[in-house]
Amino acid sequence: MSGLKVYNSLTKKKEKFTPLQKGLVGMYVCGPTVYSDVHLGNIRTFISFDVIYRYLKYSGYKVRYVRNITDVGHLVGDLDTGEDKIAERAKLENLEPMEVVQKYANGFHEMMSIFNVSPPSIEPRATGHIIEQIEMVQKILDNKLAYVKNGSVYFDTIKFNKKYKSYGQLSGRVIEELFSETRELKNQNEKKNPADFAIWMKADERHLMKWNSPWSVGFPGWHLECSAMSTKYLGEKFDIHGGGNDLKFPHHENEVAQNMGACGCTPAQYWLHSNMLLMNGKKMSKSDGNTITAEQLFSGESEHVSKGYSPMVIRFFLMQAHYRSTIDLSDEALSAAEKGYRKVIEANRFLQSIKAVTETTINEIDTKVNQTIASVYDELDDDFNTPKALARIFELVPVINSFKDGKEEFKNLSQSTIANLQKCFSEVLFDIFGLQDEYESGSNNLSASLDGVMQLVLELRQQARANKDWATSDKIRDTLAKENIVIKDGKDGSSWSLN
RNA sequence: GGUCGGGUGGCCGAGUGGCUAGGCAGAGGUCUGCAAAACCUCGUACAGCGGUUCGAAUCCGCUUCCGACCUCCA
């Protein structure tokens, strides 16, 4: 229950998880910038935090999960004077900026739903919080940790670091080195030093997205929206802040600075960072063109895959790696995941169909199975170790299948052990990992009647087999196979499944 | 160049100072009319070179290769 340990990027250590308020967790995760279609790398991050969110809820916490949508403030190119990404895209597609935002936000939500990612408790947008952001800029100015230059406002990292000595703590950077490192290509005369960053930018005439402020007609700096919105919905101090590894610097580092600059306290207790999805050994990234969209993966229309893979196979594939490790996407790995997914889902399907078992005494095998079940949750308590938990689940699969086959050692599993297995598989696979049984194809009327038809077919085939009429029995099997229905002959009759 | 993280059996991926995950593929077997599925068994892997240790894939050093961040990025 409270045995959860999490790896904190701030301290670089695994720590016992203790929320600020007993039983309640506030979690903020950086969402997408909606200026183009999400790719699988983005999706991985949101699935990782979905599992974390689900596990926290499973563990009995009441979680307020805030995941924002950034629809302004991302700049293009090397310079802070660059065009806003959304505005840029709007020009390109000949759309109103808000149309761009809506279009890609819709696409994002659709993807999240396809991958069974739970919606957050609050999904705030940057453009909906301009006032809060302006107020935060003012607070930082009041605290003398920012300065105004030609209508733009810059965060004064030197002054901030003198006061708090903490700039760079999260990303492991030393502020002095940041100066010497920063390339001199910036025509950033407005900044006092290169490590400073804009929290409010004056917009020029051509800019499409701009708002009134005490300093100029302009727009907020990129990092500001997360600071403002996390404060608004979770308070100045909250429990977990998450995001992709690539956001650690400068985004999260600057976020911390802004929060401290405004309220004098560190925002999140625990910083969790998920690692990147790789393809061909390299980070999946739009700018490199090293990407694959989910649609391409579903349809198989990509040079990277030989066939299509379903959303749940992909989700299962991701569960096989720890969220803090990179994972390499490949055709071979996906097809291995597909088989593994099928195996565990089918074992579960049988498991859940077991009605009542004659109660027997608890024997050695029961004890062993129950220990393994307990270990599944221990693994998840250890920084959400899904691959280890999954390994334990797979140790239980042969137990279930052996029970099904009536194997001597397993046929007398007790009622309570079966119940524990059912609970464990259902909780871990569906509630925590967020998988779905794709072979079940819904509990609709069609599948129910199909099952009725299939029972008849299987019965007829069974008769044919009893009469050693192999021609008929094989014809049934082979014809069904062409329709992607697979017949499996077991000890106590046959079963079927959709391929 | 700076900072950080990695190199694990055919592939993907866990992991701990000694009890050597798991999935997929492969081999053999059981079952089966055949096939599939299922079940059982198997490979003794940890980049290289040194060192610490009774003992290291796991700790330290060096070498090498790869990646991430340092500029927008989940």
Side-chain angles (χ1 to χ4, degrees), chain A residues 12 29-33 35-36 38-49 74-80 82 85 168 171-174 177-178 180-183 185-186 222 242-251 253 273-278 281-288 291 316-317 319-322 324-344 346-347 350 379 385-395 397-402 404-405 407 409-410 465 468-470 473-474 477-478 481 486-491 494-495 497:
Chain A
K12 293 186 168 36
V29 171
C30 290
T33 305
Y35 65 96
S36 67
V38 287
H39 64 242
L40 217 68
N42 303 314
I43 290 168
R44 182 197 183 185
T45 297
F46 301 121
I47 289 181
S48 293
F49 284 102
H74 258 148
L75 299 159
V76 168
D78 279 319
L79 311 176
D80 280 351
K85 269 192 177 169
S171 59
R173 252 150 259 255
V174 182
E177 285 171 5
L178 280 172
S180 53
E181 259 319 302
T182 309
R183 292 139 206 182
L185 50 82
K186 315 215 162 190
W222 170 33
N245 219 216
D246 51 354
L247 293 181
K248 236 190 229 171
F249 189 89
H251 184 60
E253 194 67 64
H273 287 100
S274 60
N275 218 134
M276 298 293 104
L277 176 71
L278 311 182
K282 293 237 166 83
K283 175 185 173 183
M284 191 171 282
S285 140
K286 285 180 209 171
S287 42
D288 301 355
T291 61
F316 176 90
F317 164 71
M319 293 301 115
Q320 287 184 303
H322 188 90
R324 280 191 290 113
S325 300
T326 54
I327 183 169
D328 212 326
L329 187 85
S330 69
D331 195 43
E332 226 178 340
L334 281 171
S335 99
E338 184 170 53
K339 288 181 182 153
Y341 166 73
R342 185 184 191 100
K343 188 170 172 179
V344 75
E346 287 192 349
F350 168 76
E379 304 294 9
N385 200 324
T386 58
K388 276 187 109 179
L390 194 55
R392 299 290 88 76
I393 290 277
F394 268 103
E395 283 170 19
V397 167
V399 171
I400 294 166
N401 287 329
S402 295
K404 182 181 181 182
D405 291 346
K407 288 243 160 62
E409 194 190 353
F410 298 93
R465 294 178 73 209
K468 293 200 193 293
D469 179 2
W470 308 129
S473 72
D474 287 356
R477 185 179 62 198
D478 298 343
V486 182
I487 291 191
K488 292 164 190 167
D489 294 333
K491 265 231 157 73
S494 309
S495 61
S497 63

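Proteins get letters first, then strands, A, B, ... in listed order; numbering begins at 1 in each. Atoms considered below: every heavy atom in the structure, side chains included; atoms not considered: hydrogens, waters and symmetry mates. Just so you know, these numbers come straight off a predicted model, no measurement behind them.
- Rounded to the nearest 0.5 Å, atoms CZ (R324(A)) and CG (N245(A)) are 10.0 Å apart.
- Distance check, rounded to the nearest 0.5 Å: OG of S402(A) to CZ of F410(A) gives 4.5 Å.
- Residue-level contact check: E338(A) touches neither bases nor backbone, having no heavy atom under 4.0 Å from any strand.
- The separation between N275(A) atom CG and G67(B) atom P is 14 Å, rounded to whole Å.
- Using C1' as the reference atom, A47(B) and G9(B) are 14 Å apart when rounded to the nearest Å.
- At the heavy-atom level, K282(A) lies under 4.0 Å from the strands shown only through sugar-phosphate atoms.
- Heavy-atom nearest nucleotides on RNA chain B were determined for A336(A) and for S473(A), and the one closer to the 5' end corresponds to A336(A).
- Remark: P of A14(B) and CZ of R324(A) are 10 Å apart, rounded to the nearest angstrom.
- Considering only the side chain of R173(A), G2(B) comes nearest among C39(B), G2(B), C12(B).
- Using a 4.0 Å heavy-atom cutoff across all strands shown, H322(A) reaches sugar-phosphate atoms only and no base atom.
- Atom name P, nucleotides U58(B) and G6(B): the rounded distance is 13 Å, in whole Å.
- Separation of atoms NZ (K339(A)) and CG (L334(A)) is listed at 12.5 Å; rounding is to 0.5 Å.
- Taking CH2 of W470(A) as the start and CZ of R477(A) as the end, the distance is 10.0 Å to the nearest 0.5 Å.
- Rounded to a whole Å, the CZ atom of F317(A) is 14 Å from the C1' atom of A14(B).
- The gap from the C1' atom of G10(B) to that of C46(B) amounts to 15 Å, rounded to the nearest Å.
- Of the candidate nucleotides A74(B), G33(B), A38(B), A74(B) has the atom lying nearest to any side-chain atom of T45(A).
- With A38(B), C34(B), G67(B) as the candidates, the nucleotide lying closest to the side chain of R477(A) is C34(B).
- C59(B) sits 26 Å from G1(B) when the P atoms are compared, rounded to a whole Å.
- K282(A) NZ: 12 or fewer foreign heavy atoms inside a 6.0 Å radius.
- Applying the 3.5 Å distance criterion, the base of G67(B) shares no donor-acceptor pair with the side chain of N245(A).
- On the P atoms, G23(B) is 15 Å away from G43(B), given to the nearest whole Å.
- Nucleotide U52(B) is matched to nothing when pairs are restricted to Watson-Crick or G-U wobble geometry with both distances under 3.5 angstrom.
- In this structure, N401(A) atom CG and C31(B) atom C1' are separated by 14 Å, rounded to whole Å.
- Summarising the base pairing, A37(B) is matched to no nucleotide, lacking a Watson-Crick or G-U wobble pair whose two defining distances lie under 3.5 Å.
- Once rounded to the nearest 0.5 Å, the distance linking CG of D246(A) with CG of N275(A) reads 9.5 Å.
- Across all strands shown, A47(B) pairs with U63(B); the Watson-Crick or G-U wobble distances both stay below 3.5 Å.
- Taking atom CG on L390(A) and atom P on A14(B), their separation rounds to 12 Å, with Å as the unit.
- Picking from A74(B), G13(B), C39(B) the nucleotide with the shortest atom distance to the side chain of M276(A) gives A74(B).
- To the nearest angstrom, P of A74(B) lies 13 Å from CE of M284(A).
- Comparing atom distances between the D246(A) side chain and each of A74(B), G13(B), C39(B) picks out A74(B) as nearest.
- The listed nucleotides are C34(B), C12(B), A38(B); the one nearest the side chain of R465(A) is C34(B).
- On the C1' atoms, G61(B) is 15 Å away from A56(B), given to the nearest whole Å.
- Among the atoms of the strands shown, base atoms are found under 4.0 Å from some heavy atom of G41(A).
- Checking A38(B), A68(B), G22(B) against the side-chain heavy atoms of K283(A) singles out A68(B) as nearest.
- Residue-level contact check: D474(A) touches the bases, meaning some heavy atom is under 4.0 Å from a base atom.
- One can find a donor-acceptor pair under 3.5 Å joining the base of A35(B) and the side-chain atoms of D489(A).
- Proximity note for P398(A) (side chain, C-beta onward) versus G23(B), A37(B), C39(B): the nearest is C39(B).
- Distance noted for atom C1' between U3(B) and G13(B): 27 Å (whole Å).
- If you check every strand for non-hydrogen atoms under 4.0 Å, S325(A) touches sugar and phosphate atoms only.
- Two residues, A333(A) and G31(A), neighbour RNA chain B, and the one matched to the more 5' nucleotide by heavy-atom proximity is A333(A).
- Relative to the side chain of A321(A), the nucleotides C12(B), C39(B), G13(B) differ in distance, and G13(B) lies closest.
- Aromatic stacking is not marked for F394(A) over G23(B), as the cut-offs of 5.5 Å for the centres and 30° for the planes do not both hold.
- The partner of A57(B) is absent, by the rule that a Watson-Crick or G-U pair needs both atom distances under 3.5 Å.
- Salt-bridge check for E346(A) with K404(A): failed, with every basic side-chain N at 4.0 Å or more from each acidic carboxylate O.
- Using a 4.0 Å heavy-atom criterion, one finds that L277(A) contacts the bases of the nucleic acid, with or without backbone contacts as well.
- With a 3.5 Å ceiling on both atom-pair distances, A14(B) lacks any Watson-Crick or G-U wobble partner.
- Between the C1' atoms of G7(B) and A14(B), the separation comes to 15 Å (whole Å).
- Using N1 to N3 plus N6-O4 or O6-N4 for Watson-Crick, or N1-O2 and O6-N3 for G-U wobble, each under 3.5 Å, U32(B) pairs with nothing.
- Side chain of E379(A) to main chain of K388(A): no donor-acceptor pair is present (N/O by atom type, distance under 3.5 Å, no hydrogens or angles).
- Atom CG in L247(A) sits roughly 10 Å away from atom C1' in C72(B) (whole-Å rounding).
- If you check every strand for non-hydrogen atoms under 4.0 Å, P387(A) touches a base.
- The minimum heavy-atom distance linking S494(A) with R465(A) is given by the pair OG-NH1, 3.9 Å.
- K343(A) comes within 4.0 angstrom of sugar-phosphate atoms only, judged by non-hydrogen atoms across all strands, and of no base.
- Here A68(B) sits opposite U3(B) as a Watson-Crick or G-U wobble pair (both hydrogen-bonding atom distances under 3.5 Å).
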